[in-house]
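This report refers to the structure that appears directly beneath it.
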Number of protein chains: 2
Amino acid sequence: MGPKASEVRTSAPRTPLTRERVLQAASDLADRDGLDALTMRALAESLGVEAMSIYYHLPNKNAILDGVVELTFTEIAAGVQRQGPAQGDAAGWAAAVRERILGARRVLLRHPWAPVVIDQRKSFSPAMVRHVDGIVGIMRGSGMSHDLIHHSLHAIGNRIYGYVQELSDDGQAPPPGQLEQMQSFAPHLAAMLADVAHVDPESTLGWCDDQTEFEFGLDLLLEGIERRRIAEAAARSAPATG
Amino acid sequence: MGPKASEVRTSAPRTPLTRERVLQAASDLADRDGLDALTMRALAESLGVEAMSIYYHLPNKNAILDGVVELTFTEIAAGVQRQGPAQGDAAGWAAAVRERILGARRVLLRHPWAPVVIDQRKSFSPAMVRHVDGIVGIMRGSGMSHDLIHHSLHAIGNRIYGYVQELSDDGQAPPPGQLEQMQSFAPHLAAMLADVAHVDPESTLGWCDDQTEFEFGLDLLLEGIERRRIAEAAARSAPATG
DNA sequence: GAGTACTCCCTTACGTCGTAAGTCTTACGT
DNA sequence: ACGTAAGACTTACGACGTAAGGGAGTACTC
């Protein structure tokens, strides 16, 4: 009567749980409802499953957090163009690094929780390592020393992943009343805010354009590093000044 | 029979709970046992009190987190020297800002939990505002436009408070086995780490000297901002190039 | 084809967290 | 002496991560 038992689902045709399905669901859930909503029970429900079932595929919640970050960086890796700067174009490293970083940022903007998780887990998964490795490779191609590269990585910091933990997250303008109150004990800041707030009222990107700010800071750093690179190269060709 | 009731403690000579005492205890507890140990119950116990008693003086835990950050910045404010750069020393702003930031860092090093709380609460308490205001004031004194100052603040980011959320927190050297494994899929990074790890093996500040890295990145930024300031000043005295 | 083992999901329950709601104690003004 | 109100305590709830073990289904052995 009917097809073989191995070909028919007796009642629920649910696809089996896997590590990948769990992580994808976790990422989706965090995208949709925010990081706080990513609980084991909520995640299980979104998978049509009980909370404890997840533990068969992943050891604990930290593994899930590490996993979704890994997933995100896989997504980032999919978007990079492979060729670096042309041979002999020593100054081209900065543009190449810039593009890699802005590419990462484009993905992170779709996963606003990722920076938070990266920070709190201090994760360092393979896909992240590869991302950094690619950038080190580009820098190395410009002749920079390992030492300078190392310092530069620290200077760029988390910006290498495409984000900065924004101070004051000033997405919305401060309420007018508060600004006057601020005037009494933080006059310089109040004056600046009053001035800057009207620079570009038509901007669709909010009161402060985060993308512009991000690129400004990034370019500041890249510029400085480039100057160090040139100084280093010059010192190599003229070893001692005295 | 003895002194007046108002002068003697009948049994327990415990000092009364206050907002300040609670916050100080919270700060101390986090210093000693880490941020995770800062729970309402543990905090209460360190005060010789029940958990719910705290709620008479502070509305909830977030208020405590905001409070300890505020406390930290009060501590920072106590350590700043008041005079800015000399009159007419436009380039002196960088040194003054640098000192303010490194001063904040000195305090934060005693409160390692503070950066974490600042990030997760995105706090912006009065003492923090004043700290930023002081820096804006110094920059303003050098003739920088509000616009440039604003961009610069974003670029400096949380470094303005004296910290960077370190990527990879490489306080200890990577285990030797892992480095070989890394070699296969992250050759550039592995090469760099192998090279840099031996640069200064006698350093007492750990494998990577965070203070050095912090100052490197800070100086990169200050340098870049100074160049922007000069460019801006030049553009002002020669409004149009064509 | 019966027994066995393994895979995968579920049930129950524990300890910890922040905190809502209400109660008791103490000191003071009258 | 007696309200009264400040300030601490008691109890309890719901959410969290997860330890421990149960049980259905499938597959493999002899």
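Residue pairs meeting the salt bridge (Lys or Arg N to Asp or Glu O under 4.0 Å) criterion with at least one member in residues 99-118 of chain B, sequence neighbours excluded, are Glu75(B)-Arg110(B), Glu99(B)-Arg106(B). Pairs of residues two or more places apart, or lying in two chains, that qualify as salt bridge (Lys or Arg N to Asp or Glu O under 4.0 Å) and include a residue from residues 56-67 of chain B are Asp66(B)-Arg121(B). Residue pairs meeting the ring-ring contact (aromatic ring centres under 6.0 Å, His included) criterion with at least one member in residues 21-79 of chain B, sequence neighbours excluded, are Phe73(B)-His131(B), Phe73(B)-Tyr161(B). Annotation: side chain to side chain donor-acceptor pair (under 3.5 Å) contacts involving residues 43-54 of chain A, sequence neighbours excluded, are absent.
For the pair Leu17(B) CG and dT26(C) C1', the interatomic distance rounds to 16 Å; values are reported in whole Å. Across the protein-nucleic acid pair, Leu43(A) atom CG and dT18(D) atom C1' stand 14 Å apart, rounded to whole Å. Here dC9(D) presents its C1' atom at 16 Å from CD of Glu45(B), a figure rounded to the nearest Å. To the nearest angstrom, P of dC24(C) lies 18 Å from OH of Tyr56(B). As a whole-Å value, the separation of Arg121(A) CZ from dG17(D) C1' is 14 Å.
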message: I'd like to compare against my own output: the B/S/- annotation of nucleotides 11-21 of chain C with a strict under-4.0 Å heavy-atom distance to protein.
response: BB----BBBBB
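Take Phe216(A) and apply the ring pair (Phe, Tyr, Trp, His ring centres under 6.0 Å) test, not counting sequence neighbours, and it matches His151(B).
Here His57(B) reaches the OP1 or OP2 of dA8(D): one of its side-chain N or O atoms lies under 4.0 Å away.
dT30(C) is paired with dA1(D) under the Watson-Crick or G-U wobble criterion, all donor-acceptor distances under 3.5 Å.
Looking only at side-chain heavy atoms (C-beta outward), Ile156(B) and Ile225(B) come within less than 4.5 Å of each other.
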